[in-house]
Amino acid sequence: MPEGPSIVILKEEAQIFEGKKVIAVSGNSKEAIDRCQGQKVIAFKTWGKHFLICFQDFTVRIHLMLFGSYLINATKEAMPRLSLNFDNGFINFYSCSLKFIEGDLDAVYDWSADIMNDHWDVKKAVAKLKAQPATLLCDALLDQHIFSGSGNIVKNEVLYRLRLHPLNKIADVPPRALSKLAKETRTYAFDFLRWKKEFTLKEHWLAHTKSICTRCNIPLHKAYLGKTKRRTFYCDNCQQLFKPKPSSS
DNA sequence: CCGGTTGTTCAGCG
DNA sequence: GCGCTGAACAACCG
């Protein structure tokens, strides 16, 4: 389920419980989830792929990882990791990572790094990119400190849209292209959000899981690239690989 | 039925 | 301490 836009959808769906008091807690989490009992939800927030349930003095951080899921006012066979009950319904989280964050969230999260956040800062993202000249684009787009909320689909689609080869080293990519990349990552994330709500996300994929380049009509490459070794779909013909700068070994 | 995956952390090693 | 690798987690789809 979980790239940034999917977590924004979760936040929107959870809105019905904002301001509500937790009247029952259960779940198989090893964390002390009982402390949520009787607490009022101050707000639901997201930071990239993190779903944050904010109470007065602490926050529950849910990360759905690869396999996590949630249900609102519905159940399934599996035991929830966390179940929160309110007077108007309940929300269950399954097979997710759950942690508590104490105190002020602003001390923990850089909101300007979240591609879905109103405080998203393109310039800061570009500066972070430039600070890691040896990093490959395919890895940079999965770096949650630079593009919090970006995942493997976003990575593949953004690089394909901008005709940038995933194996480009940041140092070799012109600054203007880096700036475009940062902007387009947010733009695509909001397209993702809209299409996911319409249940048409998959049909809008241009590269991810595709076998043919629709621009060149030749086979796309599928390879596990970069430090992250994640599945990458790309076209050798139309996705530009910039020449290495002499200084960059 | 098996293989693969929209993700992250951590132990172990050289 | 570093970077790299593999394991672990765990659910669903095709």
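Each chain gets a letter, A, B and so on, in the order its sequence line appears, and its residues count up from 1.
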- prompt: Does any pair with a residue in residues 212-221 of chain A pass salt bridge (Lys or Arg N to Asp or Glu O under 4.0 Å), and if so which ones, sequence neighbours excluded?
  reply: none
task: Measure the distance from NE2 on A/H63 to P on B/dC10 and round it to the nearest whole Å.
output: 13 Å
Atom-to-atom span, CE of A/M65 to P of B/dT9 - whole angstrom: 7 Å
query: Cation-pi between A/R161 and A/Y188: NZ/CZ under 6.0 Å from ring centre and within 45° of the ring axis?
result: no
Could you write out each protein N or O paired with an N or O of nucleotides 3-7 of chain C at a distance under 3.5 Å?
residue: C/dT5; atom: OP2; partner: A/K229; partner atom: NZ; Å: 2.6

Base-pairing mate for B/dT6 - Watson-Crick or G-U, with both contacts under 3.5 Å: none
query: Using a cut-off of less than 4.0 Å, is there contact between a side-chain N or O of A/K49 and OP1 or OP2 of B/dT8?
result: yes
message: Distance check, P atoms only: C/dA7 and B/dG4, in whole angstrom units.
response: 15 Å
- prompt: What is the distance from CZ of A/F93 to P of B/dG7, rounded to the nearest Å?
  reply: 19 Å
query: Is there a donor-acceptor pair closer than 3.5 Å between any side-chain N or O of A/E157 and the backbone N or O of A/A207?
result: yes
- prompt: Given side chains that start at C-beta, do those of A/N85 and A/V25 come closer than 4.5 Å, heavy atoms only?
  reply: no
Contact under 4.0 Å: A/H208 side-chain N or O vs B/dT6 OP1/OP2: yes
message: Can you tell me if A/Y224 touches the phosphate of B/dT5, counting only side-chain N or O atoms and a distance under 4.0 Å to OP1 or OP2?
response: yes
task: Could you tell me whether the phosphate oxygens of B/dG4, OP1 or OP2, come under 4.0 Å of any side-chain nitrogen or oxygen in A/R231?
output: no
task: Considering only atom P, compute the distance from B/dT5 to C/dG6 and round it to an integer number of Å.
output: 16 Å
message: Rounded to whole Å, how long is the line connecting atom NZ of A/K197 with atom C1' of B/dT6?
response: 18 Å
message: Could you tell me how far apart A/E157 (CD) and B/dT6 (C1') are, to the nearest whole angstrom?
response: 12 Å
task: In whole angstrom, give the distance that lies between atom CD of A/E77 and atom P of C/dC12.
output: 10 Å
query: Considering only the C1' atoms, how many Å lie between C/dG1 and B/dC10, rounded to the nearest integer?
result: 16 Å
task: State which residue, out of A/F233, A/Y160, A/Y234, fulfils the ring-ring contact (aromatic ring centres under 6.0 Å, His included) condition with A/H221.
output: A/Y234
message: Rounding to an integer number of Å, can you tell me how far A/D143 CG sits from B/dT9 P?
response: 11 Å
- request: Using Watson-Crick or G-U wobble geometry with both distances below 3.5 Å, tell me the partner of B/dA11, or none.
  value: C/dT5
field: A/F51 and A/F44 aromatic ring geometry - parallel, tilted or perpendicular at 30°/60° bounds
entry: parallel
- prompt: Which is true for A/K155 with a 4.0 Å heavy-atom rule: it touches a base, it touches only sugar-phosphate, or it touches nothing?
  reply: nothing
message: Reading DNA chain C from 5' onward, which residue's closest nucleotide shows up sooner: A/R81 or A/K202?
response: A/R81
- prompt: Would you say A/E3's side chain and A/N152's backbone share a donor-acceptor pair under 3.5 angstrom?
  reply: yes
field: B/dG7 OP1/OP2 closer than 4.0 Å to side-chain N/O of A/R230
entry: yes
- prompt: Charged N to carboxylate O under 4.0 angstrom, A/E184 versus A/R163?
  reply: no
task: Take atom NZ of A/K76 and atom C1' of C/dA11, then tell me their distance rounded to the nearest Å.
output: 7 Å
